[in-house]
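All of these numbers come straight from a predicted model, not from anything done at the bench.
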Amino acid sequence: MELKDVKKFLEELNQDNIIFDPHFYKRIGERPINEGMARSFLFQIDKLEKIEQGKGERFKLWFKMSTKYSLVLIVEIYNTTKVLKVISAWNTDRKWQDK
């Protein structure tokens, strides 16, 4: 799946079809991120900068938060059921992203 395909999937995504893995809730206790922030960025498609394909339907989505930070979401995309599962999330300093 390419960046344009992921963007198209996100454009057609319904809020009710976003689910969060228990691992996500475990990790956000350690990070300055919450469910609302993750949901918000999933619908700000213009801020999606790049994707990395993982195993199967798993992807790493990089969203531009500011000039200094990016939000990284690990998701699983199920095209047949139009469901997106958020596995984990964190924010990262953009200077490390370029190295």
Atom pair [atom1] ([X]) and [atom2] ([Y]), whose distance is rounded to the nearest 0.5 Å:
X   : Y   : atom1 : atom2 : answer
I33 : M65 : CD1   : CE    : 6.5 Å
L61 : L3  : CG    : CG    : 9.0 Å
E12 : N79 : CD    : CG    : 9.0 Å
L71 : L42 : CG    : CG    : 8.5 Å

How close do [X] and [Y] get, counting heavy atoms only, and between which atoms?
X   : Y   : result
K60 : V72 : CG-CG1, 3.4 Å
R31 : A89 : NH1-O, 2.8 Å
E57 : Y78 : OE1-CE2, 3.7 Å
L10 : L48 : CD1-CD2, 4.0 Å
P32 : M37 : O-CE, 3.8 Å
F24 : V86 : CD1-CG1, 3.8 Å

query = For E11 and K8, what are the C-alpha separation, side-chain angles and deciding distance, and is it a salt bridge (charged side-chain N to carboxylate O under 4.0 Å, His left out)?
reply = CA-CA 5 Å; E11 286 173 354; K8 185 174 188 269; over 6 Å; no

Under 4.5 Å between any side-chain heavy atoms of [X] and [Y], yes or no?
X   : Y   : answer
L13 : K82 : no
K7  : K4  : no
F20 : E35 : yes

F59 vs Q53, side chain to side chain contact (heavy atoms under 4.5 Å, CB included): CA-CA, chis, key distance, verdict = CA-CA 5 Å; F59 295 90; Q53 175 112 27; 3.2 Å; yes

ask   = Is it the case that W62 and E52 place a side-chain donor and acceptor less than 3.5 Å from each other?
value =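 E52 and W62 do have a side-chain donor-acceptor pair below 3.5 Å.
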
